[in-house]
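Notes to accompany the following structure.
It should be emphasised that the depicted structure is a prediction, and the values quoted were computed from it without experimental measurement.
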Amino acid sequence: MTESSDFAAAPVVDADAPTAAEVTTTTRAFKTWALENSLKRYGADKWGQGFLAVNGEGCLTFKAPALPELDLQRVAMVLRERGVHSPFVLRFPGMIVAAMERLHRAFELAAEENEYQGEHMGMYPLKVNQRRSVVETVVAARERCAYGLEAGSKPELLLAMAQPVSKAPLICNGYKDREFIRLAFHAAELGHEVILVLESMREVQRYLDIYAQGEWKATPFLGMRAKLYSRGSGRWQSSGGERSKFGLTTNEMLEVVRRLEGADALDRLSLLHFHIGSQITQIKRIKVAVREGIRLWCSLRARCGGLRYIDLGGGIGIDYDGSRTSYPSSANYSLEEYASQVVFEIGQVVRELELPAPTIVTESGRVLVAQHAVTVADLREVQGALLPVPEASPAEDRLITSLRECLEYINVKNIEEYFHDAVDYRDEALQLFSRGYLSLEDRASAEGLFQRIRMRCAKLIRQMRHKPEEILDYLDRAQVKYLANFSIFQSLPDTWSIDQVFPAAPLSGHGSAPAYNAEIVDITCDSDGCVRTFAHPDDNLKSLPLHAPPARNDEPYFLGFFMTGAYQDSLANAHNLFGRCHEVIVRGPEEDGVILGAQSIEFERGLWFEVKTGYSVQDMLEEMDYDVDSITQMIRDRHLGVDTTLGQPWAMGVLQEYPYLTRT
């Protein structure tokens, strides 16, 4: 008897042992099955296109630029063996650089095709992800990708000021008090080309007051944020339009021009900015906004000779679900289509009016960093899994007997009739129990039998060409809940706050059929700590197909949430005092200039994991203004003279007994 490495414990008779060629064919067939079926099940053949695949062991693999294809299950296991337990965030910096290059190249090609004489310059908005590894990746690549930084607060401006001076501007958005504006003046003195984007009339006066205060070595340039009538599409469309939070009306923009002219500072006005929302789902909305924006720019250019930038703001959509539609979790255009449409609209107007072509500025950060991060959690236990149902007995209620008959005789031909009967029997049993007419054992039997009927229907319905919609809707509801060792509020805050959907899939098991359709619940004590919707190109999944938990603790079952690199780090909160989880940066052999930290792990030759340790319990208590030494001393004092199973030695060494309380 032989055993194929691709099909564990698959018996083969010796006389029929496969040849080497047949083994190769079998392996290839397995990989084909995995790609065409398992990836489709999770939608990863669409949303993971270009960076996600399945290998011969049925594990997900991640392909980042300039790195070998990585088995994510193996990565998680190696980290676990080295003491880096999930949850953790895997970061692939090469994905960020590749996105920067792709966007800039898209504008270069669009300029060539449309004979556009202006340039493109990208800005990375620090608010999208301020993590050091992310910002350093952007800064290292910005010269060859023509990228600058955008700051929306004083801490972000300080962070940007500390970076090497670049040819690209440093753009300042958001509310600006006097301290913010003075800081921008100092940034200009340090050599940065700073552009302060004016968003209210009071900011104009603050700038002019500081501008007139003294002999500055250098001064910031100015921009104006226009309040367009055009709006974006999707969840953030209210960011644009006449009722948007920020921006100047046409009258206010003309007043700004008059005030700057009166202060002999009109030459400082170099940029017109507008923003119609984040995650714009429809290309036609971008087209309309760019038309309105370039007309404003051209009208102002006749009065302001120094105007040379048109800043489109952010908003390029990410195709989270792979559907390439105008659905809120998708976008019906590519980066190349976006760039082509923008360049065409701007070029057409400036040629018509015989004006110099402006430098096109984009501030889209989501499209740069979303794909670079994968959040990994281990799944601990199934809640609501099948338990044995007692065998039939003469004493059981008629409703239980009827449910047994439904389970035994239901088939493709009678599925609608029998399923509806089963629902009625189950509901009646619950009502009888509430009135005191049904035993607890019968109620348990009713629940268990109905769950089995539902699972039987799920198998039968796959055989049907015309599937009953009512039953499909019922089956879409998750049968079980899978407990994941992480906090949604810390790792996926957008799922809780704005119902953002992320793609998800197990890291292993893609060579076998899943056992459950599950919701994911986290370890917080909050009922909102639950993921009930998962990105999929056909229709977002109301539950996630998952396998049975491993029988042994040394065989963890990992789940990956993908495209979590934008906003999740900065919006994370400490609900239940669960702090930031570990961060693992995957470094390739070509990154010679990167100085690896002390907690670096060599995965294989030339490939390193740089580990940033997450917050400990001690860190979180100190974050809430507690003195951890005082807390442990109180616990020790409580043990004096008290007989407990823990004993005085435990109290004296509480931090040593529970090492996860400390930072090490």
Using a strict 4.0 Å threshold on nitrogen-to-oxygen distance, state whether [X] and [Y] make a salt bridge.
X: E337; Y: R324; result: yes
X: E602; Y: R587; result: no
X: E108; Y: R105; result: yes
X: R144; Y: E101; result: yes
X: K154; Y: E156; result: no
X: R91; Y: E610; result: no

Side chains of [X] and [Y], heavy atoms from C-beta outward: is any pair under 4.5 Å?
X: P358; Y: V350; result: yes
X: S270; Y: L222; result: no
X: V54; Y: T61; result: no
X: L300; Y: L272; result: yes
X: V138; Y: V97; result: no
X: I360; Y: Y309; result: no
X: L190; Y: V165; result: no
X: R142; Y: P164; result: yes

* Asked: Where do H186 and W216 land on the ring-ring contact (aromatic ring centres under 6.0 Å, His included) test, with the steps shown first?
  -> CA-CA 9 Å; H186 289 306; W216 297 98; 5.8 Å; yes

Let me confirm one number: the [atom1]-[atom2] distance from [X] to [Y], rounded to the nearest 0.5 Å.
X: C59; Y: L72; atom1: SG; atom2: CG; value: 9.0 Å
X: M224; Y: L260; atom1: CE; atom2: CG; value: 8.0 Å
X: L109; Y: E112; atom1: CG; atom2: CD; value: 5.5 Å
X: Q348; Y: L353; atom1: CD; atom2: CG; value: 10.5 Å
X: L198; Y: R268; atom1: CG; atom2: CZ; value: 12.5 Å
X: M95; Y: K63; atom1: CE; atom2: NZ; value: 10.0 Å

Could you tell me which non-hydrogen atom of [X] sits nearest to which non-hydrogen atom of [Y], and how far apart they are?
X: P503; Y: A535; result: N-CB, 3.6 Å
X: C304; Y: L269; result: SG-CD2, 3.7 Å
X: A188; Y: V194; result: N-CG2, 3.7 Å
X: P68; Y: E604; result: CG-OE2, 3.8 Å
X: L157; Y: A184; result: CD2-N, 3.8 Å
X: S326; Y: Q282; result: CB-CG, 3.5 Å

Answer with yes or no whether the side chains of [Y] and [X] bring together a donor and an acceptor at under 3.5 Å.
X: E143; Y: S166; answer: yes
X: E69; Y: N55; answer: no
X: E150; Y: N173; answer: yes
X: T533; Y: N540; answer: no
X: Y320; Y: R366; answer: yes
X: S491; Y: T375; answer: no

Examine distances only and state if a side-chain atom of [X] and a backbone atom of [Y] form a donor-acceptor pair shorter than 3.5 Å.
X: D569; Y: N129; answer: no
X: T495; Y: L492; answer: yes
X: E189; Y: K217; answer: yes
X: N332; Y: I283; answer: yes
X: Q568; Y: A566; answer: yes
X: T362; Y: S364; answer: no
X: H192; Y: M161; answer: yes
X: E113; Y: A110; answer: no
X: H104; Y: G122; answer: no
X: R303; Y: S299; answer: yes

* Asked: Only one of V343, V367, I280, L312 clears side-chain contact (heavy atoms from CB on, under 4.5 Å) with Y338; which?
  ->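 Among V343, V367, I280, L312, the one that satisfies the side-chain contact (heavy atoms from CB on, under 4.5 Å) with Y338 is L312.
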
* To do: With sequence neighbours left out, write down each residue that passes ring pair (Phe, Tyr, Trp, His ring centres under 6.0 Å) with F92, or none if nothing qualifies.
  =>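 Applying ring pair (Phe, Tyr, Trp, His ring centres under 6.0 Å) to F92 gives F62.
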
* Asked: Of all residues at least two apart in sequence or in a different chain, which pass the ring pair (Phe, Tyr, Trp, His ring centres under 6.0 Å) check with F562?
  ->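 For F562, the residues satisfying ring pair (Phe, Tyr, Trp, His ring centres under 6.0 Å) (neighbours in sequence not counted) are W47.
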
* To do: Decide yes or no on ring-ring contact (aromatic ring centres under 6.0 Å, His included) for F185 and F180, but give the supporting numbers first.
  => CA-CA 9 Å; F185 272 76; F180 191 124; over 10 Å; no

* Is it true that atom CD of E115 has more than 12 heavy atoms of other residues, nucleotides or ligands lying nearer than 6.0 Å? ->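 Atom CD in E115 is not crowded, with 12 or fewer foreign heavy atoms closer than 6.0 Å.
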
* **Evaluation steps, side-chain hydrogen bond (donor to acceptor under 3.5 Å, both in side chains), between E583 and S133** => CA-CA 10 Å; E583 176 181 3; S133 60; 2.9 Å; yes

* Asked: What do the steps show when you test D71 against L60 for side chain to side chain contact (heavy atoms under 4.5 Å, CB included), and what is the final call?
  -> CA-CA 6 Å; D71 181 328; L60 286 183; over 6 Å; no

* To do: Give the C-alpha distance, both sets of side-chain angles, the deciding distance and a yes or no for side chain to side chain contact (heavy atoms under 4.5 Å, CB included) between E193 and I195.
  => CA-CA 7 Å; E193 182 192 339; I195 301 179; 4.3 Å; yes

* To do: Take L149 and Q163, measure what side chain to side chain contact (heavy atoms under 4.5 Å, CB included) needs, and give me the verdict at the end.
  => CA-CA 9 Å; L149 298 176; Q163 308 308 316; 3.9 Å; yes

* Report yes or no: is the cationic atom of R308 (NZ for Lys, CZ for Arg) under 6.0 Å from the centre of the six-membered ring of F221, at an angle within 45° of the ring normal? =>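 Checked: cation-pi criterion met.
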
* Test ring-ring contact (aromatic ring centres under 6.0 Å, His included) applied to W608 and F603, step by step -> CA-CA 5 Å; W608 290 81; F603 180 64; over 10 Å; no

* Please check if the distance between the ring centroids of H120 and F107 is under 6.0 Å. =>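 Yes - the distance between ring centres of H120 and F107 falls below the 6.0 Å cut-off.
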
* Run the side chain to side chain contact (heavy atoms under 4.5 Å, CB included) check on M253 and L296 step by step: do they pass? -> CA-CA 10 Å; M253 286 191 289; L296 281 173; 4.0 Å; yes

